[in-house]
Number of protein chains: 2
Amino acid sequence: MISRKTKYALQALGRLADNPAGEPVLIADLAERDGIPRKFLEAILVALRKGGVLQSRVGRGGGYLLAAPAGEITLARIVGILDGEFAPLPCLSGTHPTRCDECSDLDACGARLVMAEVKQAVSHTLENITLADLVERSRAERNRRRNLVDFSI
Amino acid sequence: MISRKTKYALQALGRLADNPAGEPVLIADLAERDGIPRKFLEAILVALRKGGVLQSRVGRGGGYLLAAPAGEITLARIVGILDGEFAPLPCLSGTHPTRCDECSDLDACGARLVMAEVKQAVSHTLENITLADLVERSRAERNRRRNLVDFSI
DNA sequence: TTAAAGTCTACAGATATTGTAGACATAAAG
DNA sequence: CTTTATGTCTACAATATCTGTAGACTTTAA
């Protein structure tokens with residue numbers, strides 16, 4: 001469902017959200033740490049910057065930083081920037097609604113009615129998860145395991 | 001999110017679910033009514049038959065029928081047959097789980113943890129909507145409007 | 001002035017999706 | 001038993017989209 005582009009973005013954004021605020025991270029570092037093709041990641045980060053999620057600094061000592069606190073950056077926003085608005089059917093797009101050729105009765109289309117519900121569910125989920133959750137859950141899982149190990153000693 | 005293939009499938013299945021039980025419907029009719037390329041629809045229907053959702057009869061008087069009551073055919077099943085199992089990330093596939101190359105710690109991957117939640121939400125929604133719902137909602141919408149018209153006369 | 005960064009444009013390659021063609025198999029009607 | 005109406009199968013063609021690469025350019029700090 002999500003493109004590799006968005007997957008890479010989530011990985012890189014996770015690293016950035018983990019980093020001390022104000023410390024720019026290099027594209028090259030992000031790319032290497034997660035095995036992402038560097039030039040491809042470059043394009044992804046530019047899109048995220050244009051989308052207002054990232055800030056960049058050019059030149060020596062430069063790199064990328066989050067443009068907002070991790071808790072304010074939702075998955076919906078990230079996915080929207082990279083994969084475009086999530087529309088299970090073209091006629092359900094909010095921004096570029098496109099009617100099917102043979103559709104004589106848009107509002108009574110069964111496929112559209114049920115897919116609207118799916119869209120609603122997905123959007124709701126994506127709106128309610130932030131980068132902070134992503135980082136937090138990863139930490140929680142690591143801690144959980146660390147505790148297991150402690151007990152086993 | 002869903003392919004054109006699945007969209008066509010939903011349209012055709014809606015027609016079939018609306019048809020009196022036991023009456024086969026011709027591919028050609030389904031194709032024409034919704035403006036679906038005939039040969040393409042053919043392939044879709046074959047997949048659905050192999051997936052156990054449809055029955056076919058060959059020869060004169062033949063055509064397609066639902067293989068089960070509309071209320072027992074979920075969207076999850078239809079989407080699964082045509083688009084494959086829904087996995088927001090390859091490592092979240094139930095049937096062909098594929099680890100990312102550079103992933104050193106699968107269970108603590110933040111992207112994976114949050115996407116698992118999205119997968120859960122989508123699956124839950126798709127499991128809880130059936131073809132009967134699709135038909136019913138379409139009917140309800142048409143009735144709603146018919147009533148509006150009646151009152152306005 | 002130089003080196004270290006990000007930026008931009010264009011394209012190449014891979015993969016998936018959508019759509020088409022035509023020969024074939026099966027079943028009913030007469 | 002022949003004809004006709006139907007679905008089935010295999011192979012391919014045409015797009016479209018996604019992924020990835022190249023290289024010249026701009027900006028900033030040391």
Side-chain angles (χ1 to χ4, degrees), chain A residues 1-9 11-12 16 23-32 34-51 53-67 79 81-84 87-90 96 98 100-102, chain B residues 1-9 11-12 16 23-32 34-51 53-67 79 81-90 96 98 100-102:
Chain A
M1 165 211 184
I2 70 170
S3 62
R4 194 167 298 203
K5 217 152 83 177
T6 300
K7 185 187 86 174
Y8 289 157
Q11 294 178 299
L16 286 165
E23 291 285 305
V25 182
L26 302 185
I27 298 180
D29 286 355
L30 292 169
E32 198 196 359
D34 290 312
I36 304 170
R38 190 203 158 142
K39 283 298 213 175
F40 194 36
L41 179 58
E42 207 178 282
I44 293 167
L45 297 180
V46 167
L48 290 171
R49 175 173 57 77
K50 290 187 176 161
V53 164
L54 291 178
Q55 266 187 313
S56 67
R57 286 196 206 140
V58 182
R60 220 180 245 249
Y64 273 98
L65 310 90
L66 294 188
V79 173
I81 290 168
L82 296 169
D83 286 348
L89 290 175
H96 300 302
T98 310
C100 305
D101 286 347
E102 292 289 317
Chain B
M1 165 212 187
I2 71 170
S3 61
R4 194 167 296 203
K5 216 151 86 177
T6 299
K7 185 187 86 175
Y8 289 157
Q11 293 178 298
L16 286 165
E23 292 284 306
V25 182
L26 303 184
I27 298 178
D29 286 355
L30 292 169
E32 198 195 358
D34 290 313
I36 304 170
R38 193 215 158 129
K39 284 298 213 173
F40 195 36
L41 179 57
E42 208 177 280
I44 293 167
L45 298 180
V46 166
L48 290 171
R49 175 173 57 76
K50 290 186 177 162
V53 163
L54 291 178
Q55 265 187 315
S56 67
R57 286 194 206 143
V58 183
R60 219 181 247 249
Y64 273 98
L65 311 89
L66 294 189
V79 173
I81 290 168
L82 296 169
D83 285 349
E85 183 208 9
F86 171 75
L89 290 175
H96 301 301
T98 310
C100 304
D101 285 348
E102 292 289 317

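Note on naming: letters A, B, ... go to the chains in the order of the sequence lines (proteins, then strands), and numbering restarts at 1 for each one.
- In the helix from C:dT1-D:dA30 to C:dG30-D:dC1, the terminal helix axes, each the rotation mapping four pairs' C1' atoms onto the next four within five end pairs, subtend 10°, rounded to 10°.
- When rounded to the nearest whole Å, the span between CZ of A:R57 and C1' of C:dT7 equals 17 Å.
- Taking atom CG of residue B:D101 and atom P of nucleotide D:dG20, one finds them 10 Å apart after rounding to whole Å.
- Taking atom CZ on B:R49 and atom C1' on D:dC9, their separation rounds to 10 Å, with Å as the unit.
- No engagement by A:K7 is indicated, since no non-hydrogen atom pair under 4.0 Å with the nucleic acid exists.
- Contact detail for B:P24 and B:G62: the closest heavy-atom pair is CB-O, 3.6 Å.
- Annotation: side chain of A:L54 is in contact with side chain of A:L45 (closest heavy-atom distance under 4.5 Å).
- If you check every strand for non-hydrogen atoms under 4.0 Å, B:I27 touches sugar and phosphate atoms only.
- Heavy atoms of other residues, nucleotides or ligands lying less than 6.0 angstrom from CD of A:Q55 number more than 12.
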CA sep, side-chain torsions, deciding dist, call: A:L16, A:L30, side chain to side chain contact (heavy atoms under 4.5 Å, CB included): CA-CA 9 Å; A:L16 286 165; A:L30 292 169; 4.3 Å; yes
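- Look at A:S56 and you won't find any side-chain N or O under 4.0 angstrom from OP1 or OP2 of C:dA5.
- At a threshold of 4.0 angstrom between heavy atoms, the contacts of A:L26 are confined to the sugar-phosphate backbone, with no base atom among them.
- Side-chain contact between B:L65 and B:R57 is present, with heavy atoms from C-beta onward closer than 4.5 Å.
- The number of heavy-atom neighbours closer than 6.0 Å to CD of B:E102, taken from other residues, nucleotides and ligands shown, is above 12.
- Atom CE of B:M1 is separated from atom C1' of D:dT17 by 18 Å (rounded to the nearest Å).
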Produce a footprint string for nucleotides 17-30 of chain C: one letter per nucleotide, 5' end first; B if the base is under 4.0 Å from any protein heavy atom, S if only the sugar-phosphate is, - if neither. -SBBBB---BSBS-
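- Note that CG of A:D34 is 9.0 Å distant from NZ of A:K7, once rounded to the nearest 0.5 Å.
- With respect to A:K5, the side-chain contact (heavy atoms from CB on, under 4.5 Å) criterion is satisfied by exactly one of A:L41, A:I44, A:I81: A:I44.
- If you measure from atom CG of A:L65 to atom P of C:dG6, you get 11 Å, rounded to the nearest angstrom.
- Taking atom CG on A:L45 and atom C1' on C:dT7, their separation rounds to 12 Å, with Å as the unit.
- In this structure, A:L41 atom CG and C:dA5 atom P are separated by 15 Å, rounded to whole Å.
- Annotation: side chain of A:Y8 is in contact with side chain of A:Q11 (closest heavy-atom distance under 4.5 Å).
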